[in-house]
Participant: 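I have a structure here, written as structure tokens, and I will follow up with some questions on it.
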Amino acid sequence: GVEVGPQPQGVARADVLDKMRKIVKHGLDFVQLFNEGKEFPPCTIEVFKIMEKVDYPRNKNGEIIAIIHPKLQDQDWQPLKNGDPLFLTLDGEVIPYQGNCTVYPTFINEAAYYEKKQAFVKTEKIKLTAKHLRSSGS
């Protein structure tokens, strides 16, 4: 599957559709070249590995008591360091990120995840290395 976003539910955006088409085309080009016997050299890429889902702060009744801090809103895939603003309580208190490493939040404040009790997902940036790749049929 290919998920390209973020975008609101029920909205069709031309720029997002164009990105999805490009991703699918690159995938199909790769399959064609692989099937033709092309050898791909070793490579290293950075990816984001999911660490955990983070819920909104809640009171003892399970009600949300803070919202995403404005400095975090729309900052998907950007580094979040210890002490950076994370949430803002309804009383105006800043709740900072408290972690021992830099993380990269994504799916920040997505409407579809409110019912799943998810304010964002913490990811870590890691490097993956692939050895050369070639079809065994060639």
Side-chain angles (χ1 to χ4, degrees):
V2 176
E3 180 178 342
V4 182
Q7 68 178 8
Q9 299 93 316
V11 174
R13 290 180 41 161
D15 61 329
V16 174
L17 181 59
D18 184 55
K19 288 177 186 178
M20 185 271 307
R21 285 183 173 144
K22 286 178 182 174
I23 290 170
V24 171
K25 182 182 180 314
H26 286 304
L28 293 173
D29 289 346
F30 169 81
V31 170
Q32 181 177 349
L33 291 170
F34 181 80
N35 287 341
E36 291 172 355
K38 176 171 174 60
E39 185 168 347
F40 295 89
C43 67
T44 300
I45 61 169
E46 287 186 339
V47 299
F48 295 90
K49 180 180 175 185
I50 293 175
M51 298 169 67
E52 68 176 307
K53 296 174 182 176
V54 178
D55 192 8
Y56 294 89
R58 296 177 184 270
N59 64 19
K60 61 184 177 189
N61 297 326
E63 299 163 328
I64 293 174
I65 59 169
I67 58 175
I68 294 293
H69 192 279
K71 289 186 177 179
L72 181 60
Q73 185 64 52
D74 302 321
Q75 296 300 308
D76 295 81
W77 313 111
Q78 299 304 309
L80 180 66
K81 300 174 184 152
N82 188 43
D84 286 348
L86 192 58
F87 295 106
L88 186 63
T89 68
L90 302 178
D91 295 332
E93 179 187 338
V94 174
I95 300 173
Y97 170 63
Q98 296 178 341
N100 55 7
C101 66
T102 298
V103 296
Y104 299 82
T106 188
F107 303 112
I108 300 169
N109 203 25
E110 292 274 342
Y113 297 118
Y114 271 80
E115 66 186 39
K116 296 177 180 171
K117 297 184 176 183
Q118 178 180 312
F120 63 93
V121 173
K122 282 192 330 191
T123 69
E124 63 180 329
K125 191 186 292 190
I126 62 172
K127 290 184 180 186
L128 295 180
T129 301
K131 297 181 181 188
H132 78 280
L133 181 64
R134 189 166 135 193
S135 172
S136 60
S138 61

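Computation of the quantities below employed the complete heavy-atom set of this structure, encompassing side-chain atoms and omitting hydrogens, waters and symmetry-equivalent molecules.
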Participant: State yes or no: do I108 and W77 share one hydrophobic cluster built from I, L, V, M, F, W and Y residues joined by side-chain heavy-atom distances below 4.5 Å, directly or via other members?
Facilitator: no
Participant: Can you check side-chain contact (heavy atoms from CB on, under 4.5 Å) on K71 and D84, steps first, answer last?
Facilitator: CA-CA 9 Å; K71 289 186 177 179; D84 286 348; over 6 Å; no
Participant: Looking at CG of L88 and CD of Q73, how far apart are the two atoms once the value is rounded to the nearest 0.5 Å?
Facilitator: 12.0 Å
Participant: Once you round to the nearest 0.5 Å, how far does NZ of K116 lie from CZ of F107?
Facilitator: 10.5 Å
Participant: Does L80 reach the side chain of V103, with side-chain heavy atoms less than 4.5 Å apart?
Facilitator: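 SC-SC contact between L80 and V103 confirmed.
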Participant: Looking at R58, I want to see if its CZ is surrounded by more than 12 non-hydrogen atoms of other residues, nucleotides or ligands under 6.0 Å.
Facilitator: yes
Participant: Hydrophobic clustering (ILVMFWY, side-chain heavy atoms < 4.5 Å, transitive) - are V16 and M20 grouped together?
Facilitator: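 Per the 4.5 Å side-chain linkage, M20 and V16 are co-clustered.
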Participant: With a 4.5 Å cut-off on side-chain heavy-atom distances among I, L, V, M, F, W and Y, is there a chain of contacts connecting I68 to I95?
Facilitator: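 Same cluster: I68 reaches I95 through Ile, Leu, Val, Met, Phe, Trp or Tyr contacts under 4.5 Å.
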Participant: Could you pull out the closest heavy-atom pair between Q118 and Y56, with the gap in Å?
Facilitator: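 So the two residues come closest at O-CE1, 3.7 Å.
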Participant: Going through the distances and angles, do Y113 and F120 end up as a side-chain contact (heavy atoms from CB on, under 4.5 Å)?
Facilitator: CA-CA 8 Å; Y113 297 118; F120 63 93; over 6 Å; no
Participant: Does K19 pair with D15 as a salt bridge, N-O distance under 4.0 Å?
Facilitator: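 Not counted as a salt bridge, because no side-chain N and carboxylate O are separated by less than 4.0 Å.
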Participant: Using a cut-off of 6.0 Å, state whether more than 12 heavy atoms not belonging to N61 lie near its atom CG.
Facilitator: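 Yes - once you tally the heavy atoms of other residues, nucleotides and ligands closer than 6.0 Å, there are more than 12.
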Participant: Could you tell me the separation between the CD1 atom of I23 and the CG atom of L28, rounded to the nearest 0.5 Å?
Facilitator: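 Rounded to the nearest 0.5 Å, the CD1-CG separation comes out at 12.0 Å.
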Participant: Looking at F34 versus F40, is the centre-to-centre ring distance below 6.0 Å?
Facilitator: no
Participant: If you measure from CD1 on I50 to CD on E52, what distance do you get to the nearest 0.5 Å?
Facilitator: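 Reported to 0.5 Å precision, the distance equals 11.5 Å.
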Participant: Heavy atoms only: give me the nearest P85-L72 pair and the separation to one decimal.
Facilitator: O-CB, 4.1 Å
Participant: side-chain contact (heavy atoms from CB on, under 4.5 Å) between T106 and V121: does it pass, once the steps are laid out?
Facilitator: CA-CA 5 Å; T106 188; V121 173; 4.1 Å; yes
Participant: With clusters defined by side-chain heavy atoms of hydrophobic residues (ILVMFWY) lying less than 4.5 Å apart, directly or transitively, does V31 cluster with L133?
Facilitator: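 As far as the 4.5 Å side-chain criterion goes, V31 and L133 are connected within one cluster.
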Participant: Looking only at non-hydrogen atoms, find the nearest pair between T102 and K81 and report the distance.
Facilitator: OG1-CG, 3.6 Å
Participant: What do the steps show when you test F87 against H69 for side-chain contact (heavy atoms from CB on, under 4.5 Å), and what is the final call?
Facilitator: CA-CA 4 Å; F87 295 106; H69 192 279; 5.7 Å; no
Participant: Between Y104 and D76, does the side-chain hydrogen bond (donor to acceptor under 3.5 Å, both in side chains) criterion hold? Intermediate values first, please.
Facilitator: CA-CA 7 Å; Y104 299 82; D76 295 81; over 6 Å; no
Participant: Does the side chain of P42 come within less than 4.5 Å of H132's, by heavy atoms?
Facilitator: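 Yes, close enough: below the 4.5 Å cut-off.
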Participant: Atom CD in E124, atom CE in M51: separation rounded to 0.5 Å?
Facilitator: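 So the gap between those two atoms works out to 5.0 Å.
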Participant: Minimum heavy-atom separation for Q98 to N82, with atom names?
Facilitator: CA-OD1, 3.2 Å
Participant: Identify the two heavy atoms, one from R134 and one from G37, that lie closest to each other, and give their separation to 0.1 Å.
Facilitator: CG-O, 3.8 Å
Participant: Grab the two heavy atoms, one from L90 and one from I64, that are nearest each other, plus how far apart they are.
Facilitator: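 Closest heavy-atom pair between L90 and I64: CD1-O, 4.5 Å.
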